[in-house]
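The structure appears below as structure tokens.
The structure displayed is predicted, hence computed values, not measured ones.
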Amino acid sequence: MDKAMLVGAPLIGLNDSGGARIQEGIASLAGYAEIFQRNVNASGVIPQISLIMGPSAGGAVYSPAITDFVFMVKDTSFMYVTGPEVVKAELHEDVTHEDLGGAKTHSSKSGVCHYAFENDIDALARTREFFDFLPLNNKDASPIRVADDPRDRVIPSLDTVVPDDPLRPYDILDVIRAVVDENDFFEIMPTYAKNIVVGFSRMDGRTVGVVANQPLVAAGCLDINASTKGARFVRFCDAFNIPIVTFVDVPGFLPGSSQEHAGVIRHGAKLLYAYAEATVPKLTVITRKVVAEIFFPSIV
């Protein structure tokens, strides 16, 4: 990790750990602290990616949680602070490894996992594909790939993708894939907070970060999970000089006592702050509407 920081190289961790060795006592906890400190020092300086390739329990889960992206493998990788046996002993709750901390749980419920892959081979191959979008460090430019799509191409499908009826939903992914190079879009956290879409693509061969409301889910309303998902992604793009393209079709923040009691004001402000703080180029396309208290198109 020190060498990666020194030379400005990305850090990719392959995790398969049962946690600290009890025999080593406090020394093992000191070892964790050294790793956590380096994760924090590297944050925003070099990209950090964690692949959970097996069990990851106890203190071993916190290093991946500090990194920029966490990828898991379905059915074989697990992340939890305490395993099912401890949960049963302390809380008398029967829960499986998968339900407690499997890839499906963390990619769709907790938001810890940014993508769940089918198997180890798929995880390694897709991580290489994902890595190709990123710069080596915060002073390096993103890789440029020659695209066959001309920048001035005509896209007839965009004339009809947004329905005339303002109450009819449409899939914002159809818009994104039509606009970017070669329909290539790597979506981040596709099964968590699905009312907002974030991911990486290219325009004219250069990497861009894409943020978009998804009218197919909750009419594209923003809620707590969507706000934190979007804010973290925007801040990553800002740290690594990746321009941000935003497709907006949003009726506002999701109303209701459950959202208010859980802190939608505090969490919603994170998204607004991230956009206002970002100094990278920001382009907003309003595909249909933006109403109420959603200000971020005005601050890009």
Side-chain angles (χ1 to χ4, degrees), residues 1-20 28-29 31-74 76-81 101-103 105-117 120 122-140 142 186-193 198-200 207 209 225 228-242 270 274:
M1 296 174 77
D2 290 334
K3 292 295 184 182
M5 285 281 289
L6 181 64
V7 302
L11 189 65
I12 300 176
L14 307 181
N15 293 64
D16 186 345
S17 170
S28 64
L29 301 182
Y32 276 143
E34 294 288 339
I35 293 175
F36 300 158
Q37 183 65 62
R38 284 162 174 79
N39 283 133
V40 173
N41 292 344
S43 180
V45 179
I46 56 174
Q48 299 180 83
I49 304 170
S50 295
L51 271 73
I52 312 301
M53 310 290 285
S56 187
V61 302
Y62 287 111
S63 176
I66 298 173
T67 61
D68 299 310
F69 298 99
V70 177
F71 298 146
M72 297 182 70
V73 179
K74 295 178 182 179
T76 59
S77 64
F78 311 101
M79 294 179 71
Y80 32 62
V81 178
T105 296
H106 286 313
S107 63
S108 62
K109 295 181 180 179
S110 71
V112 171
C113 170
H114 292 82
Y115 209 105
F117 298 111
D120 288 352
D122 183 43
L124 294 171
R126 294 297 303 279
T127 299
R128 295 181 67 161
E129 175 187 338
F130 170 74
F131 177 77
D132 197 35
F133 287 101
L134 306 181
L136 296 178
N137 53 66
N138 62 357
K139 295 182 179 180
D140 191 47
S142 299
F186 195 106
E187 186 175 358
I188 301 297
M189 304 177 80
T191 58
Y192 177 78
V198 301
F200 294 102
T207 298
N225 291 341
T228 54
K229 172 182 172 180
R232 179 167 179 167
F233 180 79
V234 168
R235 298 194 75 179
F236 176 86
C237 290
D238 184 47
F240 291 98
N241 306 309
I242 299 173
K270 294 176 182 178

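The OG1 atom of Thr76 sits 11.0 Å away from the CD1 atom of Ile52 when rounded to the nearest 0.5 Å. To the nearest 0.5 angstrom, Ile46 atom CD1 is 9.0 Å from Asp68 atom CG.
Shown here for Ile188 and His114, the closest heavy-atom pair between the two residues is CG2-CD2, 3.6 Å. Looking at every heavy atom in both residues, Val73 comes nearest to Met53 through CG2-SD, 4.3 Å. Of all non-hydrogen atoms in Leu134 and Pro47, the two that sit nearest each other are CD1-CB, 4.1 Å.
Remark: the backbone N or O of Gly13 is not paired with any side-chain donor or acceptor of Ser50 at under 3.5 angstrom. In terms of modelled atom types and a separation under 3.5 Å, the side chain of Lys229 and the main chain of Ala193 share a donor-acceptor contact. Judged by distance alone, the side chain of Ser77 and the main-chain N or O of Met72 form no donor-acceptor pair under 3.5 Å. Using modelled atom types, no side-chain atom of Arg128 and backbone atom of Leu124 make a donor-acceptor pair closer than 3.5 Å. At distances below 3.5 Å, not a single donor-acceptor pair connects side-chain atoms of Thr105 with backbone N or O atoms of Gly101.
Aromatic ring centres of Phe131 and Phe200 lie farther apart than the 6.0 Å criterion allows. Two rings, from Phe236 and Phe69, have their centers less than 6.0 Å apart.
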Tabulate below the donor-acceptor pairs under 3.5 Å that side-chain atoms of residues 54-66 make, not counting sequence neighbours, or state none.
{"from": "Ser56", "atom 1": "OG", "to": "Ala60", "atom 2": "O", "distance (Å)": "3.4"}
{"from": "Ser63", "atom 1": "OG", "to": "Asn39", "atom 2": "OD1", "distance (Å)": "2.6"}

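Taking the centre and axis of the six-membered ring of Tyr115, the NZ or CZ atom of Arg126 falls inside the cone set by 45° and 6.0 Å.
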